[in-house]
Number of protein chains: 2
Amino acid sequence: MRIGELARRTGASERALRYYEEQGLLRPARRPSGYREFTEADAATVRRIRTLLAAGLGTAVIAEVLPCMADADGQLAPACAELTSELIKERDRISEEVGELLAARAILDGIIAAPVPAAPGGEGTAPAPRPAEDCAAAV
Amino acid sequence: MRIGELARRTGASERALRYYEEQGLLRPARRPSGYREFTEADAATVRRIRTLLAAGLGTAVIAEVLPCMADADGQLAPACAELTSELIKERDRISEEVGELLAARAILDGIIAAPVPAAPGGEGTAPAPRPAEDCAAAV
DNA sequence: CTAAAGCTTCACGTCGACGTGAGAGTCAAC
DNA sequence: GTTGACTCTCACGTCGACGTGAAGCTTTAG
């Protein structure tokens with residue numbers, strides 16, 4: 001099939017499919033005209049690529065792990081053991097990111113939960129340069 | 001103080017401090033020579049900026065909320081109520097991101113936990129184009 | 001006075017998975 | 001043959017908080 005049909009069948013844009021080829025994730029045959037010719041297996045591969053992208057992997061890592069993966073009914077599985085450690089690395093990286101985001105959210109929660117100091121009149125608890133009146137303009 | 005000292009005292013790079021000014025987060029005075037002249041209050045502001053950046057806010061949002069914040073002993077607090085809703089929006093955005101990352105990690109966990117299909121000999125469970133031998137080369 | 005810090009304003013590079021045209025060739029149907 | 005859908009290859013734009021020189025003033029220590 002040509003690129004348009006593959007795009008429709010996988011949900012990926014044509015640009016994305018060309019990009020996957022550029023990154024070495026797909027190797028479609030070429031017609032004499034230069035048109036790409038994809039197979040059914042390519043459609044399955046694209047679905048795997050999208051799954052791995054959704055899992056936060058970059059195309060470079062996907063290029064490494066893609067030829068080592070098998071899938072049964074949409075459930076991807078590593079086809080060799082060494083691959084698993086790579087996947088675990090990625091999972092740990094994601095866990096770290098989650099930790100950073102949770103820390104960031106905790107900071108925000110702290111600010112949100114903080115008591116609002118006296119707004120009018122006094123300058124007792126507000127050492128800010130321009131404390132109050134900008135608030136109305138900002139929102 | 002000049003930019004170098006402020007950088008040392010806040011941990012921000014000089015480039016970062018110039019960037020904060022460019023984004024309207026700082027408004028240092030200028031000497032006749034063109035040198036920036038910062039105050040003690042600027043040092044406190046920079047610390048607030050870094051806290052908010054660490055909390056995942058962008059400089060545009062920080063520019064909005066910064067003039068409305070007070071802090072007591074390093075604990076930032078909103079100085080007006082409207083600000084809180086903005087902060088809650090940001091917190092919710094972070095929560096969404098966390099959710100996406102957790103979903104991504106779940107995908108990886110599913111792959112990692114999947115049983116490794118028979119690698120040598122058979123083609124029973126592996127419909128992949130080139131199943132096995134690339135694995136060794138990849139790792 | 002001189003050299004060395006320290007400061008200034010540009011202005012491009014980063015990282016990644018594409019989006020979005022531009023300009024041109026290919027193919028099917030009519 | 002001709003229109004219109006489809007495809008091709010460039011190649012720049014995106015988003016953001018800076019990093020990293022470059023070329024040239026200013027201030028300070030000696």
Side-chain angles (χ1 to χ4, degrees), chain A residues 1-38 42 45-66 90 93-94 96-97 100-101 104 107, chain B residues 1-38 42 45-66 90 93-94 96-97 100-101 104 107:
Chain A
M1 77 195 81
R2 293 179 304 182
I3 197 168
E5 189 182 345
L6 183 61
R8 259 163 305 177
R9 289 172 62 165
T10 60
S13 70
E14 303 182 4
R15 177 67 174 96
L17 295 174
R18 296 194 186 100
Y19 177 71
Y20 298 156
E21 182 193 15
E22 191 182 318
Q23 300 301 307
L25 308 181
L26 292 173
R27 300 181 198 283
R30 295 294 186 126
R31 295 187 179 178
S33 61
Y35 282 23
R36 292 171 180 82
E37 186 66 33
F38 295 94
D42 288 326
T45 300
V46 170
R47 275 186 280 271
R48 283 182 228 171
I49 292 170
R50 307 223 104 199
T51 298
L52 294 171
L53 282 173
L57 300 179
T59 53
V61 176
I62 295 177
E64 267 184 55
V65 307
L66 197 55
E90 293 292 329
R93 185 185 52 70
I94 292 175
E96 265 189 70
E97 274 188 65
E100 287 172 21
L101 282 180
I107 292 174
Chain B
M1 77 195 80
R2 295 179 303 184
I3 197 169
E5 188 182 345
L6 183 61
R8 260 166 311 195
R9 288 172 63 167
T10 60
S13 69
E14 303 182 5
R15 178 68 175 93
L17 295 174
R18 296 193 187 99
Y19 177 70
Y20 298 156
E21 182 192 15
E22 192 183 316
Q23 300 302 307
L25 308 182
L26 293 173
R27 301 180 197 283
R30 295 296 185 126
R31 294 187 180 178
S33 62
Y35 281 24
R36 292 170 180 82
E37 186 65 32
F38 295 94
D42 287 326
T45 300
V46 170
R47 275 185 281 272
R48 284 180 228 172
I49 292 170
R50 307 223 104 200
T51 297
L52 294 171
L53 282 173
L57 300 176
T59 52
V61 176
I62 294 176
E64 268 184 53
V65 307
L66 197 54
E90 293 292 329
R93 187 185 52 71
I94 292 175
E96 265 189 70
E97 274 188 65
E100 287 172 21
L101 282 179
I107 292 174

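Naming: A, B, ... by sequence-line order, numbering from 1 per chain.
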For residues B:Phe38 and B:Arg2, report the shortest heavy-atom separation together with the two atoms involved. CD1-C, 4.1 Å

A:Arg8 bridged to A:Glu5 by N-O distance under 4.0 Å: no

Write down the distance between CZ (B:Arg15) and P (C:dC7), rounded to a whole number of angstrom. 16 Å

Hey, is the side chain of B:Arg36 poking within less than 4.0 Å of OP1 or OP2 on C:dT9, counting only N and O atoms? yes

Member of A:Arg30, A:Arg27, A:Arg15 meeting the salt bridge (Lys or Arg N to Asp or Glu O under 4.0 Å) criterion with A:Glu21: A:Arg30

Pair A:Arg93 + A:Glu90: basic N to acidic O under 4.0 Å: yes

In whole angstrom, give the distance that lies between atom CG of B:Leu17 and atom C1' of C:dC7. 13 Å

Under 4.0 Å between a side-chain N/O of A:Ser33 and OP1 or OP2 of C:dC27, yes or no? yes

Nearest heavy atom decides the nucleotide; on that basis, is A:Tyr20 or B:Arg2 closer to the 5' end of DNA chain C? B:Arg2

Results of side chain to side chain contact (heavy atoms under 4.5 Å, CB included) for B:Ala7 - residues two or more places apart only: B:Glu14, B:Leu17

Can you measure A:Ile3 atom CD1 to C:dT26 atom P for me and round it to whole angstrom units? 17 Å

DNA chain D: 5'-most and 3'-most nucleotides touching chain B, 4.0 angstrom heavy-atom criterion: D:dA17 to D:dT27

Could you go through A:Thr59 and A:Tyr19, starting from their C-alpha distance and side-chain angles, then the distance that decides it, and tell me whether this counts as side-chain contact (heavy atoms from CB on, under 4.5 Å)? CA-CA 10 Å; A:Thr59 53; A:Tyr19 177 71; 3.8 Å; yes

Between C:dG21 (P) and A:Arg18 (CZ): distance, integer Å: 15 Å

May I have the distance from B:Glu22 (atom CD) to C:dT8 (atom P), rounded to whole angstrom? 13 Å

Identify whether any heavy atom of B:Gln23 sits under 4.0 Å from a base atom; if not, whether one sits that close to sugar-phosphate; answer base, sugar-phosphate or nothing. nothing

Mind checking if A:Arg31 touches a base, just sugar-phosphate, or nothing, with heavy atoms under 4.0 Å? nothing

